[in-house]
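Every chain is numbered from 1, with letters handed out A, B, ... down the list of sequences. None of the values given here were measured: they were computed from a predicted structure.
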Amino acid sequence: MADMKAQRDAYGEVIAELGKKYPNMYVLDADLTKSTKTATFKKEFPERHINCGIAEGNMMAVAAGIATCGNIVFASSFAMFAAGRAYEQIRNSVCYAHNNVKIVATHAGLTVGEDGATHQCLEDLGLMRSIPGMVVLAPSDAGSTKAACRFAAEYDGPVYIRLGRLPLTCFNDEQNYKFGLEQADVLMEGDFATVMFCGPFYDLAMQVREIFANNGLNIRVVDVPCIKPINRTVVKNAANETKAIVTIEDHNIYGGLGSAVAEALAEEKIENRNPVELIRIGAQDRFGKSGSPKELLASYGFDAAAIAKKIVDTVCPECADKFKF
Amino acid sequence: METKDFAKNMRKLIVEAIYNSGSGHPGGSLSCADIVAVLFNEEMNKSCECPNDPDRDRFVMSKGHAAATLYSALALKGFFPPEEMKTFRKIGGRLEGHPDMKNIPGVDMSTGSLGQGISASCGMAVYGKKAGKNYRVYTVMGDGELEEGQCWEAFMFAAHYKLDNLCVFIDFNGLQIDGEITKVMSPLPIPEKMKAFGFNVIEINGHDLDEIRAALKNAKETKGMPTAVVCHTVKGKGVSFMENVASWHGTAPNKEQYEQAIKEIEANG
């Protein structure tokens, strides 16, 4: 299970599989077929793959038009141009019209790396989450990417699926892992604090857990691949049963997982603690920049020791001296 | 019903609906009424008995602010009762200010944000070609709408995929909200640009029913490329005080103006 695989490779494989199951499935791309991996579908079903060129706004409304004829349409580009540039086409032609379009946006977040800020979309979850009726998914490995796409194909209505560029540790089974609305998986139980992550942060979350384990403390680790609708029970339980919640996302702290969790905390009845300590790890209202993904993540605070320190400072500042980071 | 009378009844419903609601877009709704009348009354394979027939011809009002024109044609064709036009733009009704495909039978695409309807039309047409369907896709666009860059992305797409099942009518009335299109942001020359983008281009008087019919015939006979029918029209056509006046783009008539408009429309026929 410790293999590494890029989510977009899983995406290419799963749409080729879904193309067999659904003869009414079409896949659209905007001149990035080799990067988004829709080329895999094109090879199998050339008649049902449509390259729209570098024109994402047109692509989203073309997708809507194809969907009006009773088809399932997957449309892909980089997150910046899918959710960002084509926001209004997604809002009006796809979502307001409730057309059956699945937007699978790759290369999201800082982990794009060297291409820098113009290509590092840190706002897409916020943009997509604010559209009525849109389901927003940020799967966390190859298995959950496949499950998210299978779910999206089955689901009648618009879905946004956010994928990253880097190979990620595989922790969900590619064939058998199932996905539904409000998907949230408690991977590790714990009572000291809860780490909730989405996207490329399984390894980081486990590293944070490891640091606390070395200090005799248990961190709950929750994978939250469904950002909207968010699983409020899992959030509520984390607030009631652990001393702090940390959200980790390759996104601005506004609009994404951290915001969704904060909203749930503000509205749910939390028995034990009010307010609940919430630490949002993400881009702190900043744009990205060029660099290797590893260097970028470190410089934006995605670092296990730094996160552990924040948790200790919040939950038990008096323990900091004795804590081994 | 003769198409001439169909168009006249459409105009009456348009003006009445906008008067009742106290808001709407009479100028651009009246300028494209004759085009829409020929399409709905003669040309399209589209019926209220089976509004979602997968083989029906598609109609997209890309200039969605002319919703009243589309609704009037649908009402006259039995998709909903003409009396329902009284609920246009009113809370509790389904006749949204801009066309809503979710709730209104016969509306093939939700439009209103300019430039998107033509792209959706391309989606319908490219699917029709790929799936071997015989339906045709008809789209009405505004001349001011051509200022949206997305239109040109869609035109590029339509020519690239040889969408000869797509016929685009451009309602060339020369006016937009802020005034003459040539003064606000000129999209001219339209026919030359459309030709350069790979369209079969026909220029007609958009109020001459025979010229509209001839253009439709030409479009159907043209293979391997989409057709654009550049329709010279008069904004506010049929109501003397609205004709060629930009301020009637988005203004409702008062009672006196409404009564005068109905009188004129009836007399014109």
Is it true that atom CG of B/N134 has more than 12 heavy atoms of other residues, nucleotides or ligands lying nearer than 6.0 Å?
no

How about A/T68 and B/Y127: do any of their side-chain heavy atoms sit closer than 4.5 Å?
no

Which atom names give the shortest non-hydrogen contact between B/M109 and A/A64, and what distance separates them?
CE-CB, 4.1 Å

Heavy-atom distances under 4.5 Å only: say whether A/N24 touches chain B with side chain, backbone, both or neither.
neither

Proximal component of B/D108, with respect to chain A [non-hydrogen, under 4.5 Å]
backbone

Can you find a heavy atom in the side chain of B/K102 that is under 4.5 Å from one in the side chain of A/Y96?
yes

So which part of A/I50 gets closer than 4.5 Å to some heavy atom of chain B, the side chain, the backbone, both or neither?
both

Show the nearest heavy-atom pair for residues B/Q150 and A/A61, with the distance to one decimal.
NE2-CB, 3.7 Å

Crowding at CZ, A/R91 (>12 non-hydrogen neighbours, <6.0 Å):
no

Under a 4.5 Å cutoff for heavy-atom pairs, which residue among B/G123, B/G115, B/G117, B/S110 has the most contacts with chain A?
B/G123

Taking every heavy atom of B/K130 against every heavy atom of A/P46, the minimum-distance pair comes out as NZ-O, 4.3 Å

For the student: nearest non-hydrogen atoms of B/M101 and A/A97, plus distance:
SD-CB, 3.6 Å

Heavy atoms of other groups near A/K228 NZ, more than 12 under 6.0 Å:
yes

Above 12 or not: heavy atoms from other molecules or residues under 6.0 Å from NZ of B/K162?
no

Out of curiosity, A/C52 SG to B/M156 CE, how far, rounded to the nearest 0.5 Å?
10.5 Å

Would you find more than 12 non-hydrogen atoms of other residues, nucleotides or ligands less than 6.0 Å from A/Y22 atom OH?
yes

Over 12 non-hydrogen atoms of neighbours within 6.0 angstrom of CG in A/L181:
yes

If we only count heavy atoms from C-beta on, is the B/V126 to A/Y26 side-chain gap below 4.5 Å?
no

Pick one of side chain, backbone, both or neither for B/E148, based on which atoms fall under 4.5 Å of a heavy atom in chain A.
neither

Top contributor to chain B interface from A/N99, A/N92, A/N71 [non-hydrogen pairs under 4.5 Å]
A/N71

Quick one: does B/S119's side chain get under 4.5 Å of A/Q89's, heavy atoms only?
no

Is it the case that atom NZ in A/K43 sees more than 12 heavy atoms from other parts of the structure closer than 6.0 Å?
no

I'd like to know whether CZ of A/R85 has more than 12 heavy-atom contacts from other residues, nucleotides or ligands below 6.0 angstrom.
no

Just verifying a value: how many Å separate A/N51 CG and B/F157 CZ, rounded to the nearest 0.5 Å?
9.5 Å

